[in-house]
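Contents: one structure, followed by commentary.
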Amino acid sequence: MEPQPRYDSPPPGCPAHQGGATEEQYEYESVPLYGEEFAADPQSFYTYLRQFGPAAPVELSPGVEATLVTDYAAALHVLQNPERFSKDARRWADLKEGRIAEDSPVLPMLGYRPNALFTDGAEHMRLRQAITDSLARIDAHRLSRHVERVSTYLVSQFSHRGTVDLLTEYARMLPLLVFNELFGCSPEIGDRLIYGTSGIFDGGVDADSANKELSAALQELIAAKRANPGEDVVSWLMEHSSQLSDEEMIHQLVMLISAGMEPQRNLIANGLQLILSDDRYSGGQFGGALLVEDALDAVLWDAPPMANYAPHYPVQDTDLMGVPVEAGELLLISFAAANSDPALPSARHTLSKRAHLAWSAGPHACPAKDPAQLIAVSAIEKLLNQLPDIELAVPEESLVWRPGPFQRGLTSLPARFAPVRPTRPQASSGGAGAGVNGGSNVPTSKPGKGSVWSSFLAWWRV
């Protein structure tokens, strides 16, 4: 009988640390990716998982099993072979066979929706082409100017205090306001989109109410653009030769919002965290000898905003570089683990900056990576220009990362600086926008006078 391989001890939170299990007992047990231990040190988990091959069993939440691809070459193989690995979540065997609870917290990220993210073949090509062609019409200079305006507005709301949570008051709010501009939102519709999006992704309001508000606002936005199109992403999607129906429009817009909010927030916050804590970026105009682009490149390699995602489903039983996977099994790509694969050469960061997988790869690679990068660079540069003495208000090691299997994001990013007199009047308080002045920024009531988007528009016109 062949001797059983021995494995290094798993990190805290793995099954072997619960009840004194032996190596044989935990050899094939799923490793949980949703606890505080994983959030605090995910690389230790990835190192442990690599011992089982290019992919290993994990648990995304209690009762939700998946196979996590941690090997760079295996990840590319899955991402670049849609004929063998489908994106259609209707193939998910555990869900079809009733093994996933309807109220599972990870189901909203994994369940099927008729958008470009969860479709294959000709239907995917039709939906994706409408998105890529519309995003390609975004004028980079116009987008950069709008990011600067939003940044100036947000900084003016807290600059007099000398303290700020850069996550909730800056990195989270900036993409929300930028998307309203890209979508060509009126003040009233824009406020409702922010309320709905915040309720779905950040809590603090009734999630069901927020979802209904978001859907209703998008329906009104689509109707408004059908009647009076403009120079915005929504109008361009409507004009596209793919001829999207109103229902298809809603699903694609929700996908764009979902893909743009959480990853963009984390990219900006993680970039700021690195710049404010790493001596290579401290001092000088933007931090040091290295530029903001270099900091973001390091984040995309080492702490990608979406660490584990890109769900795929084998169309038949197959072998993934030595790991057997069954048809309909949930495969997730660990962008973070693949980027840190020991098999990659150490010079990968400097010699091939775009070789990381933070934007995914293959036919489902992120279509918005160029505007997303531009938004992040502009947001960070503008903030550092306005508050050149800003620094972390707490030791770097005390920062806390949010638990969860998918994202790599902080719970907060406290900073301090010398108070600065706002260059324009602060937005009026009240309604959903009251948090902009008060610090939480999570809309807790339905939009009304003084809400975030309308307040920004009123502020900018002063």
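Bear in mind that the values here come from a model prediction, so they are computed numbers and not experimental data.
- At least one donor-acceptor pair under 3.5 Å links the side chain of T132 to the backbone N or O of Q129.
- No side-chain donor-acceptor contact under 3.5 Å links E329 and Y313.
- Between Y112 and F118, the two ring planes are perpendicular [angle over 60°; tilted spans 30° to 60°].
- At least one donor-acceptor pair closer than 3.5 Å links the side chain of D165 to the backbone N or O of L413.
- Around CD of E36, the count of heavy atoms belonging to other residues, nucleotides or ligands within 6.0 Å does not exceed 12.
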Kindly indicate, with the supporting measurements, whether the criterion side chain to side chain contact (heavy atoms under 4.5 Å, CB included) is fulfilled by L399 and V394. CA-CA 8 Å; L399 295 174; V394 298; 3.8 Å; yes

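- Formation of a donor-acceptor pair under 3.5 Å by the Q316 side chain with backbone atoms of G328 is not found in this model.
- Side-chain contact, Y309 with S334: no donor N or O sits under 3.5 Å from an acceptor N or O.
- Sorted by first and then second residue, the salt bridge (charged side-chain N to carboxylate O under 4.0 Å, His left out) pairs with a member in residues 125-135 read E123-R126, R126-E248; sequence neighbours excluded.
- Between E220 and K225, none of the side-chain N atoms (NZ, or NE/NH1/NH2) sits under 4.0 Å from a carboxylate O, so this pair counts as no salt bridge.
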Evaluate S340 against Q43 for side-chain hydrogen bond (donor to acceptor under 3.5 Å, both in side chains), listing each step before the verdict. CA-CA 8 Å; S340 59; Q43 285 298 332; 3.0 Å; yes

Could you check L214 against I257 for side chain to side chain contact (heavy atoms under 4.5 Å, CB included), going step by step and ending with a plain yes or no? CA-CA 11 Å; L214 176 61; I257 292 171; 4.3 Å; yes

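- Tested against Y46 for a side-chain hydrogen bond (donor to acceptor under 3.5 Å, both in side chains), the candidates N308, D341, T70 yield a single pass: N308.
- Below 30°, between 30° and 60°, or above 60°: for W359 and H356 the angle between ring planes is between 30° and 60°, a tilted geometry.
- Put simply, the side chain of K87 never gets that close to the backbone of P82: no donor and acceptor are under 3.5 Å apart.
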Check step by step if side chain to side chain contact (heavy atoms under 4.5 Å, CB included) holds for L253 and L237. CA-CA 9 Å; L253 292 175; L237 277 171; 3.8 Å; yes

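- A donor-acceptor distance shorter than 3.5 angstrom exists from the side chain of S398 to the backbone of P395, with no hydrogens or angles considered.
- Open room surrounds CD on E102; 12 or fewer heavy atoms of other groups in view lie less than 6.0 Å from it.
- For M321, the CE atom is densely surrounded, since the number of other residues' heavy atoms within 6.0 Å is greater than 12.
- Under a 3.5 Å cut-off, the side chain of Q252 and the backbone N or O of P114 do form a donor-acceptor pair.
- When all heavy atoms of M261 and P175 are compared, the closest pair comes out as CE-O, 3.6 Å.
- Side-chain N or O atoms of R408 include one that pairs as donor or acceptor with a backbone N or O of A39 at under 3.5 Å.
- Side chain of N339 to backbone of L357: a donor-acceptor contact under 3.5 angstrom is found.
- Aromatic pair F456/H146: ring centres closer than 6.0 Å.
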Kindly indicate, with the supporting measurements, whether the criterion side chain to side chain contact (heavy atoms under 4.5 Å, CB included) is fulfilled by V106 and Y34. CA-CA 10 Å; V106 297; Y34 50 85; over 6 Å; no

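- Around atom CD of E247, no more than 12 heavy atoms belonging to other residues, nucleotides or ligands sit under 6.0 Å away.
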